[in-house]
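All values derive from a computational prediction rather than experimental measurement. Naming: A, B, ... by sequence-line order, numbering from 1 per chain.
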Protein chains: 2
Amino acid sequence: MSKQNTPSLVVMKSTLSRLPLYYSYISRLQADGVESVSSALLAGHLNLNPVLVRKDLAQVSSVAGHPRTGFEVKQLLEDMSEYLGYNKMDEAILVGVGSMGRILLTNTKFAKFGLNIVVGFDKDPYLCGLQLDGKHILPMEKMPSLVQRMGIRIGIITVPDDQAQSVCDQMVKAGIQAIWNFAFVPLKVPEDVLVKNENLPSSLAVLAHKLAMRSPLPKELNPIIEN
Amino acid sequence: MSKQNTPSLVVMKSTLSRLPLYYSYISRLQADGVESVSSALLAGHLNLNPVLVRKDLAQVSSVAGHPRTGFEVKQLLEDMSEYLGYNKMDEAILVGVGSMGRILLTNTKFAKFGLNIVVGFDKDPYLCGLQLDGKHILPMEKMPSLVQRMGIRIGIITVPDDQAQSVCDQMVKAGIQAIWNFAFVPLKVPEDVLVKNENLPSSLAVLAHKLAMRSPLPKELNPIIEN
DNA sequence: TTTCAATAGATAAAAAAGTATCGATATGTC
DNA sequence: GACATATCGATACTTTTTTATCTATTGAAA
């Protein structure tokens, strides 16, 4: 679907979560010198329905795909990059420089996905002042002013569960508009603040339950792949 | 809904992913001495629709909720525990004792959720032989025999992306039936192997896109909370 | 040049997930 | 003891997401 066909301006959340997968795979294709890609190929590789992939691509591609060859890799990557905001970097702060916080803070891969975690905060005085791969760790007190001064909109919470709500409140007060929450507690936020929870127990529940269901009946024969 | 009303034996995946949230919250209630809980209370706390919560609970609760008071906390926790398999521990191995691997390997919280990561594997000879919080780290070569000997069915992949498929293949060959994949690559597996992907870029895409949409139009007024 | 298989795009159907509504029923209040 | 009300359970409905089907078009091979 090219833009003139009035694509639905509202993107499906599910589409959105698949796009990075497409992007990642197509990037690798490009690195291998491949110049065009079909939805069938993508679907096959990602265990998805080809029609679903086609519809997803239609949402983001600025040009129609060519019958018989598919989509041009270069153009498609540009469109997806644009669409996902991988070009214009979003800046974020992170609170809680524990083990998980460190992983996120020092993971260089986020830059590729348009996220720049500019600094980490922690209440531990022994951590404050240190740097991890060039990322400063500052005391919590400095959070509000930095957020405001830099106009930062995204906050990442990687503190222990029992401190998450308090940190969340401080973030909101400082002006943070979107929170990526790695603590396994629901956060209470004002209506205009966005929260995305990352929770492993939920994922695990799905996996474990399916595995448990498996034993009695051999069931279906298609590979079951969950994102 | 009590069991006699022929509850749909197929559980919604979405229900399954919410159950741990209920469980966690209700556990805290119990710790506070609360003895019964209503779907409205749960819903309010978790930003969900009360009807949705009620339907979820109906799937797992062995007894009907009481009008006016809701569900008995003790019984409900037992039912959920049973349902989610938090009682009977699943054993798992983990491959890739890097930063992420270490978090999972040493996180004591998984035990509460019915997962026991018994050992970590790594190809780095300097890591092998060490222990992390009592969890041994062994060389990859020992993986197949251990998996077979202990009848382990779950494998966790926390290696760099470019090694994930290879590790996956080895796991499958060893007899692993379900894989929890923390690498950001799709895994090719036989049709009878279960894969659950954990991918941060997908989550990020949803968050970032919603945030981007936010700026132009102030839009809705309800808090937007994603799991 | 003609034929043909692969592919996109569009539309329709189905499945999954979530929401609204209503009557029934305990529980506490008057 | 009657009544008001919070809550459940069931049904019906809506929305979202996925899948199926059909047509047109294109590029490559015969």
**Message:** Side-chain N or O of Thr69(A) versus OP1/OP2 of dA6(C): is the shortest distance under 4.0 Å?
**Reply:** no
**Complete:** 5'-most contact on DNA chain C (nearest-nucleotide basis), Lys55(A) vs Gly70(A), goes to Gly70(A)
**Nucleotide dT17(D), atom P - distance to CG of Leu48(A) in whole Å** = 15 Å
**Prompt:** What is the distance, rounded to the nearest whole Å, between atom CG of Asp56(A) and atom C1' of dT18(D)?
**Reply:** 10 Å
**Item:** Base of dA8(C) paired with side chain of Arg68(A) (donor-acceptor, under 3.5 Å)
**Value:** no
**Given dT19(C), dT18(D), dG9(D), the nucleotide with the shortest approach to the side chain of Leu52(B)** = dT19(C)
**Message:** I'd like to check Leu187(A) versus Gln165(A) (side-chain heavy atoms, cut-off strictly below 4.5 Å). Are they in contact?
**Reply:** yes
**Request:** Among the candidates dT25(C), dT18(D), dA20(C), find the nucleotide nearest to the side-chain atoms of Pro67(B).
**Result:** dT25(C)
**Prompt:** Between the axis at one end of the helix from dT1(C)-dA30(D) to dC30(C)-dG1(D) and the axis at the other (five pairs apiece), what's the angle to 10 degrees?
**Reply:** 10°
**Asked** So, for His209(A) and Tyr83(B), is the gap between ring centers shorter than 6.0 Å?
**Response** yes
**Request:** Write down the distance between CE (Met12(A)) and P (dT15(D)), rounded to a whole number of angstrom.
**Result:** 16 Å
**Asked** With a 4.0 Å cut-off on heavy atoms, is Thr15(A) in touch with a base, just the backbone sugar-phosphate, or nothing at all?
**Response** nothing
**Message:** If the cut-off is 4.0 Å, is Arg18(B) near the phosphate of dG18(C), judged by side-chain N/O to OP1 or OP2?
**Reply:** yes
**Message:** salt bridge (charged side-chain N to carboxylate O under 4.0 Å, His left out) for Lys109(A) and Asp161(B)? Distances and angles first, verdict last.
**Reply:** CA-CA 11 Å; Lys109(A) 216 185 290 176; Asp161(B) 292 353; 3.1 Å; yes
**Complete:** Closest non-hydrogen atoms of Met100(B) and Met100(A), given as atom of the first, atom of the second and distance, are SD-SD, 4.3 Å
**Request:** Round to the nearest Å and state the distance from Leu42(B) atom CG to dT7(D) atom P.
**Result:** 12 Å
**Request:** Please check the phosphate of dA16(C) (OP1 and OP2 only) for any side-chain N or O of Ser14(B) closer than 4.0 Å.
**Result:** no
**Message:** Counting only side-chain nitrogens and oxygens, does Arg54(A) get under 4.0 Å of the OP1 or OP2 atom of dA8(C)?
**Reply:** yes
**Message:** One pair to check against side chain to side chain contact (heavy atoms under 4.5 Å, CB included): Leu200(B) and Phe182(A). What are the steps and the verdict?
**Reply:** CA-CA 11 Å; Leu200(B) 298 184; Phe182(A) 286 78; 4.0 Å; yes
**Message:** For Gln75(A), is the CD atom crowded, meaning more than 12 foreign heavy atoms sit under 6.0 Å from it?
**Reply:** yes
**Asked** If you check the Phe71(A) side chain, which of dT7(D), dA8(C), dT27(C) turns out closest?
**Response** dA8(C)
**Message:** Using the side-chain heavy atoms of Lys13(A), tell me which of these nucleotides is nearest: dG9(D), dA20(C), dT17(D).
**Reply:** dT17(D)
**Request:** Please state how far atom CD in Glu72(A) lies from atom P in dG27(D), giving the value in whole angstrom units.
**Result:** 13 Å
**Request:** Flag the pair Phe113(A) / Phe184(B) as yes when their ring centroid distance falls below 6.0 Å, and as no otherwise.
**Result:** yes
**Asked** Under 6.0 Å between the ring centres of Tyr86(B) and Tyr23(B)?
**Response** yes
**Complete:** Considering only heavy side-chain atoms of Val51(A), the closest of dA8(C), dT7(D), dA10(C) is dA10(C)
**Item:** Shortest side-chain distance from Ser38(A), nucleotide among dA26(C), dG18(C), dA8(C)
**Value:** dA8(C)
